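The structure appears below as structure tokens.
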Amino acid sequence: MAELLAAGRRRVREVWLAEDLSPAPVIDEIVGLAEQKRTAVRWVPRGRIDAAARTEAPQGVLARAEPLAEVDFEDLCRSGPGGEPPFLLALDGVTDPQNLGALLRTAEAAGVTGVVLGRHRAVHVTPAVTKAAAGAVEHLPMAVVGGIPAAVARARELGLWTVGLVADGGEDLFSTSLGDGPVMAVLGAEGPGLSRLVRQRCDVLVSIPLRGRLASLNVAAAGAVSLFELARQRGPARS
């Protein structure tokens, strides 16, 4: 909620707070930000919030806001205002809201400049995803495309190095020098991983070397490892 108000990317019509909320610094922050944005704050019975919310355990806080605006895919593939090369995350068929939310949170923390989602057979930004992302959706530009294979091919045409993460058979992620240029990391669906066409169209396929007995990581954990490794190769974090 605080990130929604602070980011200011979309209009918040009003904020509802449960009447029985205990005092807390985060509640004070939400109220203060709402006042700065001239957003109405209403204290209502918790049951009303529970009935209106579209997530489990809404925690007594709800915002009525405009939907997130989609960004043009090719705009994401261009350098930022300061000349920063794009660092994109494309998701090929992720269907679990918790995984998508976790990936968006990781992407924002790793410095990803934009996210690409497929329009079909994939989860989009729902209230459950927004909650799991812990505010990241307010800072990440996102494009929805007709198909991830075509987006990968177009990204290559626009000069991005496309890196597909696979469970096995790829180059060692930590031994592959990807540099600090424009890059798109591509992660596949829970279970099947990257589709055949996406695998064929990526510039390089990489794998995370595992030292334990389990055969793979789930997509959210694998995404965290790979995105931060790419971020490390791109240079030091901002101070």
Side-chain angles (χ1 to χ4, degrees), residues 3-4 7-11 65-165 178 181-190 193-195 197-204 219-220 222-224 226-227 230-231 234:
E3 293 295 339
L4 168 64
R9 288 181 60 202
R10 48 182 173 150
R11 188 172 72 87
E66 298 294 329
L68 285 167
E70 291 182 17
V71 178
D72 182 76
F73 169 68
E74 295 202 5
D75 287 343
L76 290 185
C77 294
R78 300 188 179 98
S79 296
E84 176 188 13
F87 177 17
L88 305 185
L89 169 64
L91 299 175
D92 182 24
V94 172
T95 58
D96 183 273
Q98 296 301 314
N99 280 337
L100 177 56
L103 283 164
L104 295 178
R105 185 174 185 176
T106 295
E108 202 288 323
V112 164
T113 59
V115 175
V116 185
L117 304 173
R119 191 171 302 280
H120 308 291
R121 295 184 295 278
V123 67
H124 293 165
V125 178
T126 64
V129 170
T130 300
K131 183 176 179 181
V137 300
E138 306 304 332
H139 301 283
L140 280 171
M142 285 182 269
V144 179
V145 297
I148 296 299
V152 171
R154 182 57 179 152
R156 291 180 65 184
E157 292 174 355
L158 294 171
L160 278 74
W161 187 251
T162 55
V163 182
L165 185 69
L178 301 171
V183 65
M184 173 192 280
V186 192
L187 274 64
E190 303 91 342
L194 294 178
S195 65
L197 278 178
V198 168
R199 290 175 68 108
Q200 291 175 349
R201 294 181 183 185
C202 285
D203 289 301
V204 63
V219 66
S226 57
L227 289 176
L230 291 174
R234 292 172 67 81

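Owing to the predicted nature of the structure, the values given are computational and were not obtained by experimental measurement.
- By the neighbour-count criterion of 12 heavy atoms within 6.0 Å, atom CZ of Arg121 is sparsely surrounded, having that number or fewer from other residues, nucleotides or ligands.
- Atom CG of Leu187 and atom CG of Leu194 lie 7.0 Å apart (nearest 0.5 Å).
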Check residues 144-156 and write down every donor-acceptor pair under 3.5 Å in which the side-chain atom is one partner and the other belongs to a residue at least two apart or another chain.
{"from": "Arg154", "atom 1": "NE", "to": "Glu74", "atom 2": "OE2", "distance (Å)": "2.8"}
{"from": "Arg154", "atom 1": "NH1", "to": "Glu157", "atom 2": "OE1", "distance (Å)": "2.8"}
{"from": "Arg154", "atom 1": "NH2", "to": "Glu74", "atom 2": "OE1", "distance (Å)": "3.4"}
{"from": "Arg154", "atom 1": "NH2", "to": "Glu74", "atom 2": "OE2", "distance (Å)": "3.3"}
{"from": "Arg156", "atom 1": "NE", "to": "Asp203", "atom 2": "OD1", "distance (Å)": "2.9"}
{"from": "Arg156", "atom 1": "NH1", "to": "Arg201", "atom 2": "O", "distance (Å)": "2.8"}
{"from": "Arg156", "atom 1": "NH2", "to": "Asp203", "atom 2": "OD1", "distance (Å)": "3.2"}

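- Between the side chain of Asp92 and the backbone N or O of Ser195, at least one donor-acceptor pair lies under 3.5 Å.
- When side chains are defined from C-beta on, Thr130 does not count as touching Leu68, because their heavy atoms never get closer than 4.5 Å.
- Just one residue in the list Leu89, Leu88, Thr106 forms a side-chain contact (heavy atoms from CB on, under 4.5 Å) with Val112, and that residue is Leu89.
- Here the side chains of Val137 and Leu104 are in contact, with some heavy-atom distance below 4.5 Å.
- Contact check for Pro97 versus Lys131: no side-chain heavy atoms found under the 4.5 Å cut-off.
- Contact record, Ala143 with Val71: CB-O, 3.1 Å, taken as the closest heavy-atom pair.
- Val183 places none of its side-chain heavy atoms less than 4.5 Å from the side chain of Leu178.
- Closest non-hydrogen pair, Leu103 versus Gly223, comes out as CD2-CA, 3.8 Å.
- Sorted by first and then second residue, the side-chain hydrogen bond (donor to acceptor under 3.5 Å, both in side chains) pairs with a member in residues 139-150 read Glu3-His139; sequence neighbours excluded.
- Minimum heavy-atom separation, Glu108 to Ala136: CB-CB, 3.8 Å.
- For the pair Gly159 and Pro182, the tightest heavy-atom approach, listed with the atom from each and the gap, is O-CG, 3.4 Å.
- With sequence neighbours left out, the side chain to side chain donor-acceptor pair (under 3.5 Å) criterion links Ser79 to no other residue.
- The minimum heavy-atom distance between Gly93 and Ala189, with the atom names listed, is O-CB, 3.1 Å.
- Remark: the backbone N or O of Gly118 is paired with a side-chain donor or acceptor of His124 at under 3.5 angstrom.
- Proximity of Thr95 to Glu190: side-chain heavy atoms (C-beta onward) are separated by under 4.5 Å at one or more points.
- Between the CZ atom of Arg78 and the CZ atom of Phe73 there is a distance of 10.5 Å, given to the nearest 0.5 Å.
- Taking each heavy atom of Ala220 and Asn99 in turn, the nearest pair found is CB-OD1, 3.6 Å.
- You'll find the side chain of Leu117 reaches within 4.5 Å of the side chain of Leu100, heavy atoms only.
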